[in-house]
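Single-structure report; data block below.
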2 protein chains.
Amino acid sequence: MKKYIPILKRTQLFSGVNESEIESMLSCLDARLKYYKKGEYVLREGERVGSLAVLVEGKLHIQNDDYWGNRSIIGDIAVGEMFGEAYIAPQSDTLINDVVALEDSAVIFFNVTCMVTTCSNTCRFHSAVAQNLLFAMSEKNRKLVQKLSHMHKRTTREKLISYLSAESKRQNSSSFSIPFNRQQLADFLSVDRSAMSNELCKLRDEGLIAFSKNNFELL
Amino acid sequence: MKKYIPILKRTQLFSGVNESEIESMLSCLDARLKYYKKGEYVLREGERVGSLAVLVEGKLHIQNDDYWGNRSIIGDIAVGEMFGEAYIAPQSDTLINDVVALEDSAVIFFNVTCMVTTCSNTCRFHSAVAQNLLFAMSEKNRKLVQKLSHMHKRTTREKLISYLSAESKRQNSSSFSIPFNRQQLADFLSVDRSAMSNELCKLRDEGLIAFSKNNFELL
DNA sequence: CCTCTTTTGTTGTAAAAACAACCGATTTGT
DNA sequence: ACAAATCGGTTGTTTTTACAACAAAAGAGG
């Protein structure tokens, strides 16, 4: 667990809390570290979760496979990001998505109750973390709405432009890389891979974008 | 403002706080009441907001009109629900959606900073509200993911079934009403109205659903 | 009660996406 | 280094949607 404290320090959740303070908070927040092999499920649809999770190593996808095997990728989780925050309320229902490891990964689970109620211990930074959590959830919320705005686009072309523009803006550069391969991007935008591939090439031939592998540039 | 305290009492945000306590918190939270006529914009895309809003009268839509007039309805806000929670973090960007009044409406804006930092005043229920806010955002988050799961469906038919099933489950009944007319539902699911209307009638003719106006039943 | 407006359903056509099948290039594992 | 698997691009066909135009029904207002 200790080796991941520097990672935690750089997360939005523990922003403003130094390493020794994080270390002392770990027991207070009932932190539990778990490892997952590539392809393993971290959480499964239908399960009940009561804890907040932070990815400290690897890469995850939040996704959903339907009866016929069609996959929807709701979002991706990179190192330092949290997940499971949509299920911290006592009245929360069961999970509606799977969370799966794309690479060998490590996740730390925290007891949210401890995070939310001020503890009597020495955790002076309790309230800071609680506030960070609030802001982190606010941002997450905004990201979801932004993803919704891509999904609201009617055509594959528009979805691509919407997504690529947003990524370009987010990464503050006209050239950027995306965390998906073609199939994953198609699953993320909920379109057919071949049709999307076709559309990407059209956009390239029209001189609007350039790309190679998962590196893109808006022109 | 006073007349809306009973409304506030029933909101998730002020759950567990009684009316007199809410009244004493209003000044502490810098509450400001504003009225909007039907059709008026409560918030506009590109604006910067720093406050958390609660609808205490009327009905709102969170939406987005593109250059060609195509409308996307991201969500609807009923009395007692909050909005603007995605912009409470200091590093939040500007609004990416419009919020518009569908009926004459009343909105109370709160200063989030006051809500998050414990005040030195008599507000014993400060922390309760802060915790409520966290849970409310968690739920909101889950609703957004659920809407994403409708949007991920490829066909109009699947989107309809996904949405109607979720509403049925949410309202705990096989017959329920929805807060949209046909055009609004189409904008909400991002499909063509006439095609959707057609699909609805097919579903009805196949005996899967029944409906009249905005009352639906799953069979 | 009648008119005007809004809402909903219907239909035909054009456009777009899904699907399937295939190939070449790249990557991975041994 | 080689075989197998994965990945990305291409094309033709089928299915679905978007679009447009219109008619019927419902609702609002004088």
Side-chain angles (χ1 to χ4, degrees), chain A residues 37-39 59 61 65-73 100 102-104 150-164 177-206 209-216, chain B residues 38-39 59 61 66-73 102-104 150-164 177-206 208-216:
Chain A
K37 286 276 166 210
K38 174 177 177 177
K59 188 164 156 59
H61 271 182
D65 298 327
D66 73 12
Y67 184 79
W68 297 271
N70 300 311
R71 173 160 295 173
S72 295
I73 297 178
V100 62
L102 291 183
E103 311 167 354
D104 293 358
H150 306 145
M151 301 292 300
H152 259 284
K153 297 285 186 290
R154 299 294 178 87
T155 64
T156 300
R157 164 179 281 247
E158 283 180 306
K159 283 178 183 166
L160 280 171
I161 292 174
S162 178
Y163 170 71
L164 293 174
S177 67
I178 65 170
F180 302 123
N181 64 29
R182 294 292 184 277
Q183 182 62 61
Q184 291 170 337
L185 180 57
D187 291 340
F188 181 75
L189 297 177
S190 208
V191 295
D192 181 70
R193 182 196 60 80
S194 66
M196 186 193 76
S197 192
N198 200 285
E199 205 61 45
L200 274 175
C201 292
K202 278 188 201 166
L203 285 170
R204 181 195 53 198
D205 296 344
E206 292 171 25
I209 66 173
F211 59 85
S212 82
K213 292 200 52 176
N214 60 342
N215 299 111
F216 287 78
Chain B
K38 175 178 177 176
K59 189 164 156 56
H61 272 180
D66 74 11
Y67 184 79
W68 297 270
N70 301 311
R71 171 162 295 173
S72 295
I73 297 178
L102 290 184
E103 309 168 355
D104 293 357
H150 307 144
M151 300 293 301
H152 260 284
K153 297 285 185 290
R154 300 293 178 88
T155 66
T156 299
R157 162 178 281 247
E158 284 181 305
K159 283 178 184 168
L160 280 170
I161 292 173
S162 177
Y163 171 70
L164 293 175
S177 67
I178 65 171
F180 301 122
N181 64 29
R182 296 290 183 278
Q183 182 62 61
Q184 290 170 338
L185 180 57
D187 290 340
F188 182 75
L189 297 177
S190 209
V191 295
D192 181 70
R193 182 198 59 79
S194 65
M196 185 194 76
S197 191
N198 198 283
E199 205 62 45
L200 273 175
C201 292
K202 279 188 199 165
L203 286 170
R204 181 195 54 200
D205 296 344
E206 292 170 25
L208 292 168
I209 66 173
F211 59 85
S212 81
K213 291 200 52 177
N214 58 342
N215 298 110
F216 288 79

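Chain letters run A, B, ... following the sequence lines, proteins first, then strands; residues in each count from 1.
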When all nucleic acid strands are considered with a 4.0 Å heavy-atom cut-off, which category describes B/Arg193: base, sugar-phosphate, or nothing? base
A/Asp192 CG to C/dC19 C1', straight-line distance once rounded to whole Å: 7 Å
Report yes if a side-chain nitrogen or oxygen of B/Arg182 is closer than 4.0 Å to either non-bridging phosphate oxygen (OP1 or OP2) of C/dT7; otherwise report no. no
Could you tell me whether A/Ser197 contacts a base, only the sugar-phosphate backbone, or nothing, with contacts defined as non-hydrogen atoms closer than 4.0 Å? base
Backbone of B/Pro179 reached by a side-chain donor or acceptor of B/Lys59 within 3.5 Å: yes
Nearest whole Å is fine: how far is C/dG9 C1' from B/Leu160 CG? 14 Å
Answer yes or no: side-chain N or O of B/Ser194 and base N or O of D/dA20 forming a donor-acceptor pair under 3.5 Å. yes
Does B/Thr156 put a side-chain nitrogen or oxygen below 4.0 Å from OP1 or OP2 of D/dT17? yes
Rounded to the nearest angstrom, tell me the gap between atom NZ in A/Lys213 and atom C1' in C/dA25. 12 Å
Whole angstroms only, please: what is the CD-C1' distance between A/Gln183 and D/dA5? 15 Å
D/dC19 P sits how many Å from B/Met196 CE, rounded? 14 Å
Measure NZ/B/Lys202 against P/C/dT8 and give the value in whole Å, please. 19 Å
Does a side-chain N or O of A/Asn181 approach OP1 or OP2 of D/dC7 to a distance below 4.0 Å, or not? yes
Would you call A/Asp104-A/Lys38 a salt bridge at under 4.0 Å N-O? no
Exercise: identify the closest heavy-atom pair between A/His150 and A/Ser162: CD2-OG, 2.6 Å
Between B/Glu206 (side chain only) and B/Leu203 (backbone N and O only), is there a donor and an acceptor less than 3.5 Å apart? no
Between C/dT8 (P) and B/Ile178 (CD1): distance, integer Å: 9 Å
